[in-house]
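These notes concern the structure reproduced below.
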Amino acid sequence: PQDTEPPITDPPETTAPPETDPPETDPPETDPPATEPPPAGFSFTIRGIDDGQPIPRRFTCDGANEPPVVTIDGVPGTAQQLAFLTEDPDAPNRTFVHWVVYEIAPDIGEFSDGRGNVTYGLNDVQLLDWFGPCPPEGDGPHNYTFTLFALDTRLDLEPGLDGRQLRTAIEPATLRESSIVATYER
C-alpha cells in the first residue's frame, strides 16, 4: 500500500464576526463647570435721566431744579474714591460746570445733594450744589455730560474746588470713568 500523505490544504477559513460599531452611549450628564459671571462694568444711572434722551424739565432751571439721584454700580475693587462732574460742553463761551461732587466713598451706592457723605465743589454759578440745565433760549439742544470717575488714590481735597480744579486734581489718580450724555433745550 502506498503511503500517501494527506493533501495539503489551507486551514479552514474562519469568518470573523462582522465589524460593528460599539454601541453608542451618551456621555454621562454633568453640570457645566461653575464659572463666575464677569464683573459688571463701572457704570451709573440717574433716576429720571436716560442716556441719549432729553432731560426732564423738573431737573432744569425751567422746572424745580431738582438734583439728580445717582446710583453707582461695578466700582473697581482698587478704587479708593469716586468723583462726579456734570458739564455742558455746548455752552456759548466754554464748558459750563453744573455739578461738582467728590470724596465719594466707593461703597456709597447712591448720592444726591444733601444725601451721602460727600464733598461739593463750586459750579459755574458759584453754588456748592446742583444747578440744572439752563441753556440760552433758542440755542438748540445742549448735550449735558454726567461723568463718574473711579480714583486709585484717596485724595484729601479741600471743599469748594471748581470743576476745572477737580479735573486737574483727579487726573493722575483716575482708574476708570463712565459717562451719560442727555440733552436739554429751551
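These numbers come from the heavy atoms of this one structure, side chains and all, not from hydrogens, waters or symmetry mates. Bear in mind the structure is a predicted one, so any value in this text is a computation, not a measurement.
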> Tell me, which pairs form a disulfide bond (SG atoms under 2.5 Å apart) where one or both residues lie in residues 85-129, sequence neighbours left out?
Replying inline: none
> With no hydrogens and no angle check, is any side-chain donor or acceptor of Gln165 less than 3.5 Å from a backbone partner on Asp162?
Replying inline: yes
>> Does either side chain, that of Ser179 or that of Thr147, offer a donor lying less than 3.5 Å from an acceptor on the other one?
In response: yes
> With a 4.5 Å limit on heavy-atom distance, are the side chains of Thr95 and Asp88 in contact?
Replying inline: no
>> Between Asn143 (side chain only) and Thr183 (backbone N and O only), is there a donor and an acceptor less than 3.5 Å apart?
In response: no
>> Ignoring hydrogens, what is the shortest heavy-atom contact between Trp99 and Asp129? Give both atom names and the distance.
In response: CD1-C, 3.7 Å
> For the atom pair OG1 (Thr45) and CZ (Phe146), what is the distance rounded to the nearest 0.5 Å?
Replying inline: 12.0 Å
> How many angstroms lie between OH in Tyr120 and CZ in Phe111, if you round to the nearest 0.5 Å?
Replying inline: 7.5 Å
> Can you name the salt bridge (Lys or Arg N to Asp or Glu O under 4.0 Å) partners of Arg186, sequence neighbours left out?
Replying inline: Asp62, Glu137
> Rounded to the nearest 0.5 Å, what separation is found between the CG atom of Leu122 and the CG atom of Leu161?
Replying inline: 8.5 Å
> What heavy-atom pair brings Pro56 and Gly48 nearest, and what distance separates the two atoms?
Replying inline: CG-O, 3.1 Å
>> Can you tell me how far apart NE2 (His142) and CD (Glu185) are? Round to the nearest 0.5 Å.
In response: 9.0 Å
>> Can you pull out every disulfide bond (SG atoms under 2.5 Å apart) where at least one residue sits in residues 51-120? Sequence neighbours excluded, please.
In response: Cys61-Cys134
> So, Gln81 side chain and Tyr102 main chain: donor-acceptor pair closer than 3.5 Å or not?
Replying inline: no
> Where is the tightest heavy-atom contact between Val181 and Asp51, given as atom of each residue plus distance?
Replying inline: N-OD1, 2.9 Å
> Does any non-hydrogen side-chain atom of Leu151 lie less than 4.5 Å from one of Leu82?
Replying inline: no
>> Pair Asn65, Thr60 - check side-chain contact (heavy atoms from CB on, under 4.5 Å), show working.
In response: CA-CA 5 Å; Asn65 204 31; Thr60 73; 5.9 Å; no
> Which atoms form the tightest heavy-atom contact between Phe44 and Ser178, and what is the distance?
Replying inline: CE2-O, 3.1 Å
> Is a side-chain donor-acceptor pair under 3.5 Å present for Asn123 with His98?
Replying inline: no
> Can you find a pair of side-chain heavy atoms, one from Leu85 and one from Val100, that are under 4.5 Å apart?
Replying inline: yes
> Do Glu87 and Arg167 come within less than 4.5 Å of each other through their side chains, counting heavy atoms only?
Replying inline: yes
>> Can you confirm if the aromatic rings of Tyr184 and Phe59 lie within a centre distance of less than 6.0 Å?
In response: no
>> So that I can tick it off, tell me whether Arg47 and Glu66 are bridged by a salt bridge, with the cut-off set at under 4.0 angstrom between side-chain N and carboxylate O.
In response: no
>> Quick check for you: to the nearest 0.5 Å, what is the distance between Glu158 atom CD and Glu103 atom CD?
In response: 10.0 Å
>> Tell me if a side-chain donor or acceptor on Ser112 pairs with a main-chain N or O of Pro68 at a distance below 3.5 Å.
In response: yes
> Got a second to check how far Ile46's CD1 is from Tyr144's OH, nearest 0.5 Å?
Replying inline: 13.5 Å
> If two hydrophobic side chains count as joined below 4.5 Å and joins carry through other members, does Trp130 share a cluster with Val69?
Replying inline: no
> Is any NZ, NE, NH1 or NH2 atom of the basic residue among Asp124 and Arg164 found under 4.0 Å from an Asp or Glu carboxylate oxygen of the other?
Replying inline: yes
>> Using side-chain heavy atoms (C-beta onward) and a distance below 4.5 Å, is Phe131 in contact with Thr86?
In response: no
> Any idea which heavy atoms bring Leu128 and Gly160 closest together, and the distance?
Replying inline: CD2-CA, 3.9 Å
>> Counting neighbours of CZ on Arg154 that are heavy atoms of other residues, nucleotides or ligands and sit closer than 6.0 Å, is the number greater than 12?
In response: no
> What heavy-atom pair brings Glu177 and Phe149 nearest, and what distance separates the two atoms?
Replying inline: OE1-CE2, 3.6 Å
> Between the side chains of Thr71 and Glu110, does any donor sit under 3.5 Å from an acceptor?
Replying inline: yes
> Less than 4.5 Å apart, any side-chain heavy atom of Leu157 and any of Leu166?
Replying inline: yes
